[in-house]
Amino acid sequence: MAPTEAVKRLVVLVSGSGTNLQALLDAIAAEGPERFGARIVAVGADRHSATGLDRARAAGLPTFVCRVKDHPTREQWDAALAEATAAYQPDLVVSAGFMKIVGKEFLARFGGRFINTHPALLPSFPGAHGVRDALAYGAKVTGCTVHFVDDGVDTGPIIAQGVVDVVEEDTAEGEAALHERIKDVERRLLVDVVRQLARHGYRIQGRKVLLPA
Ligand code: GRF
């Protein structure tokens with residue numbers, strides 16, 4: 001994505017509570033879309049129950065829901081998701097706790113401008129249980145990774161990472177407590193990454209994401 005003066009258009013995809021979405025909404029509201037470099041133009045979800053949709057409505061944003069079970073095949077769901085997203089003409093699509101792997105059609109349209117946030121230090125602990133898996137493995141540090149999405153599971157080029165220590169209390173209290181501490185770092189990281197990409201542009205060279213200084 002090349003740096004331009006124009007405010008970039010973001011579509012954010014969610015499945016759950018949407019606190020990462022809220023962090024983006026809050027930062028854009030506080031800084032103003034011009035200074036931030038982007039604004040959210042729509043929020044999509046794979047389920048009606050995603051609380052992130054309520055956050056979007058509260059911010060006056062259009063929403064859409066695209067459920068796998070409403071489509072005869074996974075490919076048709078993927079094409080429908082791509083179509084619904086494309087309707088808002090995004091410059092960048094952000095998967096913020098969107099718990100679905102997109103398919104070929106979605107990547108054909110949005111590859112290279114589709115980012116995801118994952119609650120572990122990739123390439124360690126990819127998949128749906130990154131927090132639980134790091135804890136079970138006995139890792140002493142974990143964290144979060146914002147990366148471009150490719151056709152693997154959490155395998156795309158890494159944009160930025162944040163480190164979180166695993167402490168004794170995490171081992172006792174488990175996944176939820178550690179995940180909350182990761183999300184604290186993750187929300188700030190995602191906001192910083194989206195601002196940076198929107199304002200200054202980027203290039204992807206193989207596995208490397210090149211960000212202007
Ligand atoms: C985040 O930790 C994200 O990395 C993971 O799910 C969580 C979503 O949190 N995939 P929220 O819905 O943004 O609060």
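Numbering of ligands and ligand atoms starts at 1, following listing order. Start at 1 with the first residue, then count along the sequence.
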Quick test: of every protein heavy atom, which one is nearest to atom 1 (C) of ligand 1, and how far off is it to 0.1 Å? Glu186 OE1, 3.2 Å
Compare Lys183, Arg187, Gln22 and give the one whose heavy atom is closest to atom 9 (O) of ligand 1. Lys183
Ring centres under 6.0 Å, that's the criterion: do Tyr202 and Phe148 meet it? yes
State if Gly52 counts as touching ligand 1 under the rule of any non-hydrogen atom under 4.0 Å. no
Backbone N or O of Gly152 within a donor-acceptor pair of the Asp150 side chain at under 3.5 Å? yes
Working to the nearest 0.5 Å, report the span between CG of Leu81 and CG of Asp46. 8.5 Å
Within one Ile-Leu-Val-Met-Phe-Trp-Tyr cluster: Leu190 and Leu92, side-chain cutoff 4.5 Å: yes
Regarding Asp184 and Arg188, does a basic nitrogen lie under 4.0 Å from an acidic carboxylate oxygen? yes
Regarding Arg181 and Asp170, does a basic nitrogen lie under 4.0 Å from an acidic carboxylate oxygen? yes
Does Thr117 have a heavy atom less than 4.0 Å from any atom of ligand 1? yes
Which atoms from ligand 1 have a heavy atom of Ser17 less than 4.0 Å away? 11 (P), 12 (O), 14 (O)
Take every heavy atom of His179, measure it against each atom of ligand 1, and state whether any distance is under 4.0 Å. yes
Protein heavy-atom partner closest to atom 12 (O) of ligand 1 - residue, atom, separation in Å: Gly18 N, 2.7 Å
Return yes when Met99 approaches ligand 1 closer than 4.0 angstrom through a heavy atom, no otherwise. yes
With atoms numbered from 1 as shown, which atoms in ligand 1 lie under 4.0 angstrom from a non-hydrogen atom of Gly97? 6 (O), 8 (C), 10 (N)
Any Lys/Arg nitrogen of Glu31 or Arg195 sitting under 4.0 Å from an Asp/Glu carboxylate oxygen of the other? yes
Looking at Thr19, which atoms of ligand 1 are within less than 4.0 Å of one of its heavy atoms? 11 (P), 12 (O), 13 (O), 14 (O)
